[in-house]
Each structure stands twice: as C-alpha cells, then as structure tokens.
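Below you'll find the structure, written out as structure tokens, and then a few comments.
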Amino acid sequence: MTTTAVLEKPAAQPTPTTAPAQAAPRGQKSKTMLVGFDLGTNKSCILAGNAGSNDIGLSKIIPSVVGYVKEGIVDGIIAGNNSVLFGEDALKNLLHVDLLAPLKEGIIAHPDAAKDFFRHVRSVVDPSGTSEIRAVVGIPANAGEPAREDIRQCALGIFDRILLIPEPFLAALGFRDDARLGQPGYVDPVTNSLFIDIGGGTSDLCLVQGYFPTREDQISIPFAGDAIDEILHAELNRMYPNNGLSRLKVRELKEQYSYVGPVRKPIDVRVIIGGKAHTLELGEALGRAANTLIDKIYPALTTLISRASSDSVVALLQNIIITGGGSQIKGIDTVLQKRLTDDGYESPKVKLAGQDYKRYVAVGALKAARAARENQWQYLLS
Amino acid sequence: MLDLPRAELSRRCRQIWIDHERNPHGSLENDFVSALGEIQTRHGDAAPSEDDLWEIVRTEYDRVAQASAVAELLLPRISSLLQERAPSPIKHGSPHTEAPVTPSGGSRAPISNIADLIEGMLDQQRDETRRAGNSHRP
C-alpha cells in the first residue's frame with residue numbers, strides 16, 4: 001500500500017525544468033500583473049489579472065504540494081521529463097515522486113519547497129516571465145514576524161512587490177458583494193461580521209468591523225482539516241486495524257462524509273484495501289473527529305463576540321460566516337448556531353460562505369491588490 | 001369652497017385604515033359607520049351620505065395602501081443613509097490608528113476604502129515594529 005513519503009528536505013536540488021520563473025530586471029517589465037494568492041496548507045488559490053483591468057485572467061486552485069521526481073525514473077514516465085512537479089501533477093505521479101508539503105499549520109515549514117512552489121505560481125501567472133508581478137498573499141490571522149519573513153524570503157526574486165494580509169479579513173473582502181453595496185437590506189460583511197475560516201492547517205476567526213482588525217480581533221487555532229484527518233485516521237486504525245488506508249484516502253473520506261452534531265449511523269463506505277472491496281462503518285469515527293473541531297472553535301468564537309462593542313454585537317451575531325474547506329462539514333452552521341442560542345446569545349445567525357468558499361480569500365486578495373496604493377506595496381530586498 | 005364635513009370624514013376613514021394596518025381587527029364596517037354618524041350629528045344636512053361614505057372608504061384605502069408601499073421602499077434606504085452618515089462607533093481599546101474607515105454613503109464602497117484599511121494594517125505593523133525596537137533597547 002502506497003503511503004505519502006515526506007522528506008525533511010528534498011533528496012537533491014534539481015533545477016525545475018518548467019519555464020523560468022524569476023522576476024525580470026525592472027527595466028524590462030512589459031506590464032504589471034496583480035495576483036491574489038491564498039497560500040493554503042493543503043490547497044492554494046490564485047487569481048490574477050492585469051493592473052488597470054477588472055478582468056480575471058487566471059483563476060486556479062493548486063494543491064500545495066511539490067513532488068521531486070525520484071532518481072532512476074525512466075524517461076517518458078513523467079510528462080516533459082520534469083524533475084519537479086507541482087499540485088495535481090505531483091499527486092498524479094505519487095509513485096514516482098517524493099512529495100513535500102511546503103506549509104504546515106499555515107506557515108512555511110520547508111523553505112526550499114516553498115520557493116519552488118512560488119516559482120511555479122509565478123510561471124502559471126506569467127509564462128513569459130516579463131511582467132512585473134505584485135501579489136497580495138494571505139497569511140494566517142496573527143501570524144508572527146518570523147512567519148511573515150519566511151514568506152518574503154520565498155517571494156524574493158520571484159514576485160516584484162508583495163503585501164501580506166490576514167486571511168479571514170481577505171475572506172470578508174472577497175465575500176463582499178460589491179454590486180449590492182448600498183442596497184437596502186444588504187449588510188456589508190466588512191462593516192460588521194465575524195468570519196471563521198477553517199482551512200487545512202489553521203482555523204482563523206476574525207472580527208471585521210469597518211477597520212483593519214487588530215491582534216485582539218483575530219484568533220488563529222492550529223487545529224483544522226489536517227487535525228481532523230489525523231484523528232479520523234487514528235480512529236479508523238483503532239476500529240479497523242491494518243486497514244492500510246492512506247492519509248490522502250482518509251482526507252477524501254472526510255471531505256465526502258464529515259459532519260458535526262449527534263452521531264449519525266450508519267455511514268457505510270466502500271473502500272478498496274489490498275485490492276479487495278470492504279465496507280467500513282464510519283459514522284461514529286467521523287462524528288468524533290469533526291466534533292473536536294467544534295470544541296476548539298466555540299471558545300474562540302465566544303471570546304471574539306465578547307470583544308465586540310455592545311452597540312455592534314447584536315448585529316454582529318446576525319453575521320457570523322464560516323468559510324474555507326471546513327464550511328463543507330455538514331451541519332457545522334447549525335451546530336454552532338444552536339450552541340450560541342443555548343448559551344443565551346441574542347438571535348445568532350451562522351451562515352456558510354457557499355460554494356465559492358475556495359476562492360474568497362484569493363478574491364479578497366485580488367481586490368486588495370487592485371486597491372492598494374503605490375506606496376503600500378512592499379519591495380522585497382535581499 | 002372646501003367641503004369640511006367630507007374632508008373630516010375622509011380624514012377619519014384614513015385614520016381607521018392606518019390603525020387597521022398597524023393592528024388588524026374585524027370591525028371596520030362599524031368604525032366607518034360610527035364615524036359617519038358622528039359627522040352627521042355635528043354637521044346635519046351638510047354631512048356626506050352613506051353612499052358618499054363607501055366612496056370615501058375606497059378612496060382612502062387606496063391612499064393608505066400606496067403610502068404603505070412607498071414607506072416600505074423608502075424606510076430601509078433612509079435608515080441605511082442615516083446609518084452611513086452617523087459617526088463611527090467608538091470601540092473600547094480601539095486600535096491606535098486613526099478613526100475606523102466608514103463605508104461611503106449610499107453607493108458602492110470605493111476602492112479607496114480598501115486602501116484605507118490596508119493603511120490601517122500597515123500602521124499597526126509599524127507601531128508593533130517600533131514597540132519591539134523600544135523593548136530591545138537597554
């Protein structure tokens with residue numbers, strides 16, 4: 001049974017054979033491209049367009065993985081005989097690569113792989129390599145200066161200018177429907193909302209009340225999709241020893257069947273183990289794993305509610321929005337809303353961001369890129 | 001010449017419809033007839049007839065219905081405008097940046113508001129850097 005091999009550092013330092021993805025010397029830039037970059041632990045979302053235009057020329061979701069092709073792979077097995085693969089290509093060639101996830105819990109854990117990943121993103125945004133690239137990059141709420149500096153180092157020589165902005169704030173910006181601003185009954189999420197962005201590495205909560213959130217307005221919990229995968233994997237190994245299910249497979253099962261609230265049984269799932277079909281009952285394991293997330297998020301949620309001013313909190317309670325991959329957990333909005341109601345909060349309303357949840361941070365990042373003033377963009381200096 | 005009894009009855013019927021709008025109940029016919037009775041007592045032969053009453057009732061119903069529809073459309077817009085023009089809420093322990101950005105009134109929030117929000121973020125970062133620098137001084 002194949003499991004994902006993760007090395008602490010790549011076995012070799014092959015030069016990526018994709019199109020060169022370095023920032024061209026400043027005098028040779030043909031145009032400026034703006035990028036909204038949601039750098040996720042498991043999946044990254046990139047939106048890009050030319051400066052001065054509202055068109056989105058590129059919209060792409062890339063799994064945040066880098067695959068270094070193993071030594072001795074026969075020519076022609078890997079398309080283009082590339083030595084480094086990214087995203088879906090890396091996952092498709094799992095047997096032939098050493099797979100590395102550059103990020104862990106939302107921050108860079110493998111700088112070399114992260115830099116390769118950034119290069120790949122640049123090559124996707126600008127295959128010619130001649131554009132000036134300005135990227136707004138989403139970072140976890142309350143990311144410390146070391147984490148920010150790691151991202152800058154990865155971007156050095158790849159992006160020309162960057163801005164690092166917390167993800168839940170970008171989610172609010174992305175979620176805002178600009179066409180409805182000013183319409184009666186439409187509440188701008190940037191003026192009074194509480195965003196819960198549940199990703200792979202972190203769950204970030206943020207009060208957004210018309211000004212840029214301070215540290216006290218944001219809470220980042222290093223418990224999210226990956227942690228649920230770990231718990232679920234452990235539960236399955238306990239219930240079905242030697243099941244041989246890979247972490248990737250467990251994640252797939254979670255994404256398809258996860259729920260919170262009272263235990264739902266039976267959830268019978270057919271899996272192939274050792275070449276043979278087996279039916280596993282996963283209801284209890286799924287519920288136990290995902291409900292742990294609620295126990296982590298709920299205290300942070302009530303903490304932030306308590307920090308809102310008394311004249312804004314009633315409206316705020318009507319505008320609690322869950323986004324990120326965790327928004328797909330069945331029942332998560334209902335369960336959180338019920339807990340708030342049971343605890344006496346006044347008419348809380350917890351909403352899901354909707355089907356576009358994967359893109360909101362990147363959409364917000366691109367909006368920020370388009371709005372940023374010239375002197376707000378940060379140069380990257382070695 | 002202004003028909004005062006008719007005007008008075010119109011006003012009474014209008015008020016009955018408005019009260020019914022706020023607090024619906026079933027005895028409207030009696031209310032209209034009572035109103036007519038009072039006006040006939042006060043004005044005698046100059047008062048409107050019963051036929052006039054039902055014509056006035058229909059007219060005033062239309063007026064109140066139209067006014068309600070317009071109020072329904074306008075009130076959210078007015079309260080949204082008032083809200084946007086109101087001073088920004090004061091938050092205890094406010095950020096050390098300047099007053100929070102408020103969305104522009106009555107139209108799309110201009111892109112410059114996002115730039116102001118970014119400026120607020122950069123101000124916070126600069127303040128944190130300054131404080132970190134001060135705390136490292138001997």
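First the proteins, then the strands, lettered A, B, ... as listed; each starts at 1. Atom set for the values below is all heavy atoms of this structure, side chains included, hydrogens, waters and symmetry mates excluded.
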At a 4.5 Å cut-off on heavy atoms, which part of [X] comes close to chain B: side chain, backbone, both, or neither?
X         : result
Gln378(A) : side chain
Arg148(A) : side chain
Phe169(A) : side chain

Got a second to check how far Lys351(A)'s NZ is from Phe195(A)'s CZ, nearest 0.5 Å? 9.0 Å
Examine Phe32(B) together with Trp17(B) and report whether their ring centres are nearer than 6.0 Å. yes
N/O donor-acceptor pair under 3.5 Å between Arg134(A) side chain and Arg161(A) backbone: no
Go through the atoms of Ile118(B) and report whether side chain, backbone, both or neither lie under 4.5 Å from a heavy atom of chain A. both
Between Glu38(B) and Arg12(B), does at least one N-O distance fall below 4.0 Å, as a salt bridge requires? yes
